[in-house]
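Input: a single structure, listed below in structure tokens.
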Amino acid sequence: MRSIIELECFRGPLEVLLSLVQSEELSLTRIRLVEILDQVMADLELLNDLNESGDVLIVLSTLLELKSKLMLPGEVNLQQEIEALKEDL
């Protein structure tokens with residue numbers, strides 16, 4: 001899926017957004033995930049390819065998990081969290 005996500009701080013494919021977050025070039029604290037969900041849900045309804053839909057859902061769930069950990073009290077090592085998520089996939 002190469003749909004373009006348009007946010008105040010980012011415009012581009014969802015996969016690129018995840019890459020920027022993982023490399024810490026873009027802070028998840030600047031991103032409202034609900035905006036991404038709104039934009040992606042319309043595209044998912046049009047998809048007939050379950051593999052592609054699954055890929056999108058994995059990226060979205062990864063962003064959601066990372067952001068939820070950032071919002072909890074205490075320090076979070078984003079790189080360690082990203083590495084743990086990569087191992088799970």
Check your understanding: Could you state the interatomic distance from NZ (Lys67) to CG (Leu33), rounded to the nearest 0.5 Å?
Key -> 5.0 Å

Practice item. To the nearest 0.5 angstrom, please state how far the CG atom of Leu66 sits from the CG atom of Leu18. Key: 7.5 Å

Study note, to complete from the structure: One should read off an interatomic distance between Ile31 CD1 and Phe10 CZ, to the nearest 0.5 angstrom, of 8.0 Å

Check your understanding: Would you say the side-chain atoms of Ser19 pair up with the backbone N or O of Glu15, donor to acceptor, closer than 3.5 Å?
Key -> no

Review point. Roughly how far apart are Ile4 CD1 and Leu17 CG, rounded to 0.5 Å?
Key: 11.5 Å

Review point. Counting distance only, does the side-chain N/O of Glu35 pair as donor-acceptor with the main-chain N or O of Leu7 below 3.5 Å?
Key: no

Review point. Do Leu64 and Leu37 have side-chain heavy atoms sitting under 4.5 Å apart?
Key: no

Practice item. Kindly indicate, with the supporting measurements, whether the criterion side-chain contact (heavy atoms from CB on, under 4.5 Å) is fulfilled by Ile5 and Val16. Key: CA-CA 10 Å; Ile5 302 299; Val16 173; over 6 Å; no

**Study point:** Point-to-point distance, once rounded to the nearest 0.5 Å, from CG of Leu63 to OG of Ser68
**Key:** 11.0 Å

Check your understanding: What's the shortest heavy-atom distance between Ser61 and Ile58, and which atoms?
Key -> OG-O, 3.0 Å

